[in-house]
Number of protein chains: 2
Amino acid sequence: MTEFAVHHVPTRRRAGRPPQALLSSARITKAALKLVSHHGYKGLTMAALAKSLNVAPSALYNHVSSKQDVLLLVEDHLMGRVEVCAFATEPWDAAVAKWARSYRDVFAAHLPLIPVIALLPVTNAPATVTMYEAVTQGFLAAGWARESIIDAVVALESFIYGSAYDVNAPEDIFDVGSLASEAPDFSAAVAHRGNPDAAAAIPRNDADAAFTLGLQAMIAGLAATAGPRK
Amino acid sequence: MTEFAVHHVPTRRRAGRPPQALLSSARITKAALKLVSHHGYKGLTMAALAKSLNVAPSALYNHVSSKQDVLLLVEDHLMGRVEVCAFATEPWDAAVAKWARSYRDVFAAHLPLIPVIALLPVTNAPATVTMYEAVTQGFLAAGWARESIIDAVVALESFIYGSAYDVNAPEDIFDVGSLASEAPDFSAAVAHRGNPDAAAAIPRNDADAAFTLGLQAMIAGLAATAGPRK
DNA sequence: ACCTGAACACCGTTCAAGT
DNA sequence: ACCTGAACACCGTTCAAGT
């Protein structure tokens, strides 16, 4: 050992230049979205996610603390696709309708995220907060009282989440099968859903019809009971 | 070996007397409910369910085809706890409100069943069909057109499912944390939710407030747009 | 027909060890 | 700080074998 060797500085990075990590929140989010779009949420496992990033599964835990964390990253990314632009240009009721429909459409394709949105704090979800800010401003601009806005938004969101499930319901969800005789009125209502005369079988999107009906009802009802004083 | 032994009839059951099985749908449902009430849905595993019935896990598959099947059994049992009696005695809007609130309360305590209700056909769910029959009769008695009833019920259910999630949301779900400066209007709306003056901090159930607001709005809106002609 | 025991093909997560 | 490899403690489900 020479004295020189003692003073030898081993492979050392220049100050202010952190090591180039293989992973990052952005790369994880992107890989997760790609995995989901190709194989659905059943294909989104920590092992598959790691593989798609050419990394060991345990490496993911240096950047997220759990799979829930990955889902939150994906959720926040998708929240950026919810349309809030109408709140700046259109009347309140039209803007709410546009926002609600795009919100439903985005998460109808990502059902497993609904418990995540509905139950996880918005802290560390910047795009989600941005969405809420735009919505709140739209309500304020329409003359809503500050103290009523969150309740109204939560009520609308509840309807939106439930409607996102309904988009994915099978066509025959209300087929009573052998129980028909015990539920004649319900069976008839199901058979005649949307068309007064049984003969005409018009092609129809049942989920859209229910969503439009409920959305119009809630918007009208909110405007009448909690909206701005005329 | 004697001739007698050859003719010996081994333990044989009398005709028309099926063997007394250890398991049945009713026993499985009951055990599952008990497991959930004590340990939550994370405690409802096929292994735990089998153990509580003193049976091997594989034995369950002689009576249900999957865990989804167990969840459907539990769901249908719980649907019997949803109150439909008001449809026979009270005016339509009051009856709907009572039904919706009990529906929300039942499944707020059973969130993992919501995807099951929302996505699985009602075939083989007799209590669920019975519930729908009573609701349909209530709508018919109030003068609703047959072709609009299912859409209205689906819209109400969507709101109910989303509201069940909201009951379980943490108090701080809208805490923006360090993002407050980027969402001033939203932050203020959250801070003043329910109370006009910031000083008074009245105890308040936020989920109930949003549910009541949304339910009143939707009921009023439905009555105005799709209800019976006056 | 109904149940057991063993096995299968997965999960998410942890942790000592390396750089 | 970040990654690997191996292990852990589970899951739901299947299936040959028994009665």
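Reckoned from all heavy atoms, side chains included, excluding hydrogens, waters and symmetry mates.
Below 30°, between 30° and 60°, or above 60°: for B/Tyr132 and A/Phe186 the angle between ring planes is below 30°, a parallel geometry.
Among the nucleotides D/dC2, C/dT4, C/dC15, the one closest to any side-chain atom of A/Ser58 is C/dC15. For A/Asn62, the listed nucleotide lying nearest its side chain is D/dC3; candidates were D/dC3, D/dC15, C/dC2. With distances taken from any side-chain atom of B/Val55 to the nucleotides D/dC3, C/dC3, C/dA6, the minimum falls on C/dC3. Comparing atom distances between the A/Ala56 side chain and each of C/dC3, C/dT4, D/dG5 picks out D/dG5 as nearest.
Summarising the geometry, the separation between CG on B/Leu53 and P on C/dT4 is reported as 11 Å, rounded to the nearest angstrom. Going from atom CG of B/Leu49 over to atom P of D/dT13 covers 12 Å, rounded to whole Å. Atom pair A/Leu60:CG and D/dG5:P shows a separation of 14 Å (rounding to whole Å applied). A straight line from CD1 of B/Ile28 to P of C/dC2 spans 11 Å, rounded to a whole angstrom.
Under the 3.5 Å distance criterion, with hydrogens and angles disregarded, a donor-acceptor pair is assigned to the side chains of B/Tyr103 and B/Glu157.
The partner of D/dA9 is absent, by the rule that a Watson-Crick or G-U pair needs both atom distances under 3.5 Å. In this entry D/dA1 has C/dT19 as its Watson-Crick or G-U wobble partner, both defining distances falling under 3.5 Å.
Taking 4.0 Å as the cut-off between side-chain N and carboxylate O, B/Asp206 and B/Arg204 count as a salt-bridged pair. With respect to A/Arg104 and A/Asp208, a salt bridge is recorded, a charged nitrogen being found less than 4.0 Å from a carboxylate O.
Under the 3.5 Å distance criterion, the side-chain polar atoms of A/Arg27 are matched with a main-chain donor or acceptor of A/Leu22.
OP1 or OP2 of D/dC3 sits under 4.0 Å from a side-chain N or O of A/His63.
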Tabulate protein N/O versus nucleotide N/O from nucleotides 8-12 of chain C, keeping only pairs under 3.5 Å, one per line.
residue, atom, partner, partner atom, Å
C/dG12, OP1, A/Lys67, NZ, 3.0
C/dG12, OP2, A/Met46, N, 3.1

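Shown here is B/Asp69, whose CG atom has more than 12 heavy atoms of other residues, nucleotides or ligands within 6.0 Å.
If you run ring pair (Phe, Tyr, Trp, His ring centres under 6.0 Å) between A/His110 and each of A/Tyr165, A/Tyr161, A/Tyr41, only A/Tyr41 comes through.
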